Amino acid sequence: MRPAFAVGLVFAGCCSNVIFLELLAREHPGCGNIVTFAQFLFIAVEGFLFEADLGRKPPAIPLRYYAVMVTMFFTVSVMNNYALNLNIAMPLHMIFRSGSLIANMILGIIILKKRYSVFKYTSIALVSAGIFICTFMSAKQVTSQSGLSEKDGFQAFAWWLLGIGALTFALLMSARMGIFQETLYKQFGKHSKEALFYNHALPLPGFIFLASDIYDHVILFNKSELYQVPGIRVAMPIMWFYLLMNVVTQYVCIRGVFILTTECTSLTVTLVVTLRKFVSLIFSILYFQNPFTLWHCLGTLFVFIGTLMYSEVWKNLGTSRSQLLKDDKKD
């Protein structure tokens with residue numbers, strides 16, 4: 001029951017989270033900082049109450065290590081959300097972030113001196129080709145936007161390039177954080193709930209440097225049209241409703257992934273997360289009518305096939321089937 005429940009949480013939480021994020025970004029493209037702050041604050045408060053036991057429970061991993069991890073995590077979160085303010089469409093945002101396998105492999109080779117099979121190198125090549133196709137086609141769409149003068153078109157393209165740079169930096173930083181987290185877990189044991197709390201609580205003072213931007217968006221959110229919340233007779237500015245739902249669904253998504261990692265194999269987690277990204281992407285394209293050509297479709301296909309190849313889905317499914325046949329024969 002718990003694995004099925006976890007899968008439900010992942011799909012319901014993560015997919016709806018992307019929807020509310022896009023609703024926020026479409027109305028106010030520069031709202032990334034207030035969204036990040038709200039997510040961090042919510043998870044930090046929840047963790048302080050239920051994981052840290054109001055600060056009475058000492059951390060299993062020394063805080064000096066969390067300080068390093070938190071710096072990377074904070075940077076990744078801010079960069080990913082801020083990229084939406086730099087002419088990055090939501091489908092490209094999702095596809096680009098699916099390239100984490102590439103970053104993990106590159107840093108794994110450089111830092112951990114890992115070596116991979118030809119099959120895995122092929123899968124990464126597919127992912128890279130898919131991201132390149134989608135990025136190239138999105139670049140053409142930015143430069144060919146109708147109604148823009150040559151100067152404005154170049155400026156839009158320059159901001160788009162900056163957005164791609166931000167996503168690339170966040171991708172590499174996220175992979176580096178994963179390697180650092182992996183070494184900590186080997187040394188101190190797995191404490192994912194504790195890490196979740198400290199990763200969101202310790203960066204909160206850093207938002208002081210973003211206070212001006214956050215305050216500006218608080219004013220903008222307050223000025224948005226009133227929305228009657230379904231089920232309760234309360235009206236609130238619609239942007240605050242979107243933000244509230246984004247924060248809640250983000251928490252549901254994280255909890256679902258956490259339960260899934262404790263109940264299922266890494267293969268199952270990879271499959272569920274990959275399928276979830278695919279569903280979110282399709283919904284974003286259809287519901288929000290985001291531009292998506294046949295080339296984008298081909299690039300997306302490459303990314304997801306490469307991801308499934310990297311996780312060796314067919315090999316693992318074949319192994320599982322053989323084991324089931326052996327068990328049937330024994331019975």
Side-chain angles (χ1 to χ4, degrees), residues 13-46 73-97 138 142 145 155-156 158-171 173-174 199-200 203-229 235-254 277 280-281 283-285 287-291:
C14 300
C15 292
S16 53
N17 177 257
V18 171
I19 294 170
F20 287 110
L21 179 60
E22 184 152 6
L23 287 170
L24 287 163
R26 277 176 169 260
E27 189 67 28
H28 296 292
C31 67
N33 289 330
I34 192 173
V35 171
T36 307
F37 174 69
Q39 292 174 346
F40 275 52
L41 182 62
F42 182 87
I43 295 175
V45 170
E46 190 275 341
F73 184 69
F74 177 75
T75 305
V76 169
S77 299
V78 171
M79 282 288 190
N80 277 327
N81 281 335
Y82 191 72
L84 293 171
N85 191 33
L86 301 170
N87 285 340
I88 300 295
M90 185 61 75
L92 179 61
H93 192 272
M94 286 187 280
I95 293 168
F96 212 92
R97 291 181 67 179
S138 296
V142 171
Q145 286 180 21
Q155 189 176 35
W159 283 114
W160 178 86
L161 277 179
L162 189 60
I164 292 297
L167 286 177
T168 303
F169 179 81
L171 205 62
M173 181 67 76
S174 179
N199 279 343
H200 288 81
L204 287 177
F207 285 100
I208 292 175
F209 300 103
L210 307 173
S212 176
D213 180 73
I214 292 173
Y215 177 76
D216 290 342
H217 281 88
V218 167
I219 302 300
L220 290 173
F221 281 22
N222 287 337
K223 292 179 179 178
S224 62
E225 63 177 300
L226 290 178
Y227 175 73
Q228 188 75 33
V229 181
M236 62 188 302
I238 194 166
M239 294 302 293
W240 285 115
F241 174 73
Y242 289 158
L243 182 61
L244 174 64
M245 294 306 297
N246 176 267
V247 169
V248 172
T249 53
Q250 171 80 357
Y251 177 74
V252 172
C253 174
I254 290 173
K277 288 180 180 179
S280 297
L281 179 63
F283 188 88
S284 175
I285 294 163
Y287 184 79
F288 292 103
Q289 297 182 343
N290 283 307

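The first residue in the sequence is number 1, and the count goes up from there. Computed from a predicted structure; not experimentally measured.
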Open item on the list: Test of understanding: with disulfide (SG to SG under 2.5 Å), list the residues that count as partners of C15, not counting sequence neighbours.
Closed with: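 C15 satisfies disulfide (SG to SG under 2.5 Å) with no other residue.
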At their closest point, which heavy atom of [X] faces which heavy atom of [Y], and how far apart are they?
X    : Y    : answer
L204 : F40  : CD2-CB, 3.9 Å
S224 : I238 : OG-N, 3.5 Å
P237 : L226 : N-CD2, 3.8 Å

Within this structure, what is the [atom1]-[atom2] distance for the pair [X] and [Y], rounded to the nearest 0.5 Å?
X    : Y    : atom1 : atom2 : answer
L23  : C31  : CG    : SG    : 10.5 Å
I219 : I214 : CD1   : CD1   : 13.0 Å
N17  : Q250 : CG    : CD    : 4.5 Å
L243 : F241 : CG    : CZ    : 11.5 Å
F74  : M79  : CZ    : CE    : 10.5 Å
W159 : I164 : CH2   : CD1   : 14.5 Å

[X] (side chain) donor-acceptor with [Y] (main chain) under 3.5 angstrom:
X    : Y    : answer
N222 : V218 : yes
S16  : G13  : yes
H93  : A83  : no

Open item on the list: By the side chain to side chain donor-acceptor pair (under 3.5 Å) test, which pairs, at least two apart or in different chains, include something from residues 27-39?
Closed with: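 Side chain to side chain donor-acceptor pair (under 3.5 Å) check on residues 27-39 returns N33-D213, T36-N81, Q39-N246.
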Open item on the list: Taking the ring of H200 and the ring of F42, is the distance between their centroids below 6.0 Å?
Closed with: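 No: the rings miss the under 6.0 Å criterion.
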TODO: Would you please indicate yes or no on a ring centroid separation below 6.0 angstrom for Y242 and F221?
DONE: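 Ring centres of Y242 and F221 not closer than 6.0 Å.
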TODO: Kindly indicate whether the side chain of F169, heavy atoms from C-beta on, has any atom under 4.5 Å from the side chain of T75.
DONE: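 Yes; the side chains approach each other to less than 4.5 Å.
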